[in-house]
Amino acid sequence: MSNQAIAMYALGLDQIANAILKGGDKRTILVQGHMGTGKSSLLKALKAALPDHTACYFDCTTKDLGDITIPQLQTIDDQGFVRYVPNEELGLHLNKPLILMIDEYGKANPAVKNAMLKLMLEREMGSNKFRGLMFATTNLGAEGVGDILPPHARNRITVVTARKPTNMEWIEWGINNGVDHTLLGWCKDNPQLFHSFEEVKDPEQNPYIFHPKAPRTAFVTPRSLEAASDWLKVRDGMDDQSLTAMLMGTIGERAAMDLMAFVKLSDQLPSLESIKRDPMQAKVPESDAAVCMVVYRTLSTIDRDWMDAWMDYMARLDKEAQGLFANGVRNPKYAKQSVVMTNKKFTAWAMANNYMFAADKK
């Protein structure tokens, strides 16, 4: 498949999860994609969709051939034979509907790859039958981290490419998963953090991301950004030098320096208590980036007790910032949607600003 076709038909993780739900009981989808982009999160999403299924995780990189099955001597009518007992992580002994994730299949020992093929194609291993959904994951071969699949293995499965999320898609996820609001603001201003190395011929054109032509010991991925968020959350107990060092070891030198410059903007933010206590007098940041951070912080922390106060404060922000808040609320995945949508002041604001929603639909 050409690079153009791969890019055109690369799917988002939501699309892949839906495909597994529809056909993963008969066909094994191998999800290949960039490192650190959430391929493993598919198991959690599928479990949420099918709570009656048991989620099983099988890491191929930690297995050798002898870890797949072991022989067990059986006797019937004084006749002995060997039965092969599968690894517990495969879940076949549970006799329940399963969601099996075969992780890092492309990096597996060749013997392990071959041993798993019958399970992935015929849904059997020894005398054990598989019931439920099955999928596998691997990194892109172009990343050069050892993911190789022989043709006979590819022919037994369905291979799809997962695209990287856009900055706004990741921000939506971050709002619902407690990612630091400063980091979310930085991501909004820097969409290149989520670009693919296939788009960049010269690694120096994007110094933030992994590139197989550039030996970077740390770089930006959605996974490393989440790790950076954890360091930002404890920055009050660290000096700037220590925090910068932690970020450099997590997302790389250039990204860490740029993010630290952005962190300085957080000094412009009003405290949550000032908005709750006196929304008409609480400080309004001067920079657009700081305003975005206030909105993202609110989306992550809003509660019914101070929803009215936020609406009073939000009226003092420009229309773009108000629209940013509204669009965050309208996201079907927003965890606190009911808190906002049932507020009378927000309902009145939405009716008065309906033109903003109409424009968004076009």
With the 4.5 Å side-chain cut-off for hydrophobic clustering, are [X] and [Y] part of the same group?
{"X": "L117", "Y": "V159", "value": "yes"}
{"X": "L272", "Y": "L269", "value": "yes"}
{"X": "I76", "Y": "V85", "value": "no"}

Minimum-distance pair of heavy atoms, taken over all atoms of [X] and [Y]:
{"X": "T301", "Y": "K336", "answer": "C-NZ, 3.5 Å"}
{"X": "C56", "Y": "G91", "answer": "SG-CA, 3.8 Å"}
{"X": "L42", "Y": "V31", "answer": "CD1-CG2, 4.0 Å"}
{"X": "V295", "Y": "A321", "answer": "CG2-O, 3.9 Å"}
{"X": "I29", "Y": "I20", "answer": "CD1-CG1, 3.9 Å"}
{"X": "D67", "Y": "D64", "answer": "OD2-N, 2.6 Å"}

Please tabulate, for side-chain N and O atoms in residues 128-136, each donor-acceptor pair with protein atoms closer than 3.5 Å (sequence neighbours left out).
| residue | atom | partner | partner atom | Å |
| --- | --- | --- | --- | --- |
| N128 | ND2 | M125 | O | 3.3 |
| K129 | NZ | E124 | OE2 | 2.3 |
| R131 | NH2 | N95 | O | 3.0 |

Problem - Within 45° cone and under 6.0 Å: K188 NZ/CZ vs Y296 ring - result: no

Around atom [atom1] of [X], are there more than 12 heavy atoms from other residues, nucleotides or ligands closer than 6.0 Å?
{"X": "Y57", "atom1": "OH", "answer": "yes"}
{"X": "K118", "atom1": "NZ", "answer": "yes"}
{"X": "D25", "atom1": "CG", "answer": "yes"}
{"X": "R123", "atom1": "CZ", "answer": "yes"}
{"X": "E253", "atom1": "CD", "answer": "no"}
{"X": "W231", "atom1": "CH2", "answer": "no"}
{"X": "M257", "atom1": "CE", "answer": "no"}

Contact between [X] and [Y] at the side-chain level, heavy atoms closer than 4.5 Å - yes or no?
{"X": "D303", "Y": "M307", "value": "no"}
{"X": "H34", "Y": "F210", "value": "no"}
{"X": "L247", "Y": "L232", "value": "yes"}
{"X": "S287", "Y": "L265", "value": "yes"}
{"X": "K333", "Y": "N176", "value": "yes"}
{"X": "V340", "Y": "Y334", "value": "yes"}

Practice task
Decide, yes or no, whether a salt bridge links D312 with K345 under the criterion of side-chain N to carboxylate O below 4.0 Å.
Solution key: yes

Problem - Passing candidate, salt bridge (Lys or Arg N to Asp or Glu O under 4.0 Å) with D180, options R235, K233, R297 - result: R235

Fill in the blank from the handout: Sequence neighbours excluded, the answer for side-chain hydrogen bond (donor to acceptor under 3.5 Å, both in side chains) partners of Q192 is N190

Handout entry: Main-chain N/O of H53 paired to K47 side chain as donor or acceptor, under 3.5 Å
Key = yes

Handout entry: Test salt bridge (Lys or Arg N to Asp or Glu O under 4.0 Å) applied to D258 - qualifying residues, sequence neighbours left out
Key = R254

Problem - Ring centroid separation W310 to F325 under 6.0 Å - result: yes

Practice task
May I ask you to check whether H195 and Y208 place their ring centers less than 6.0 Å from one another?
Solution key: no

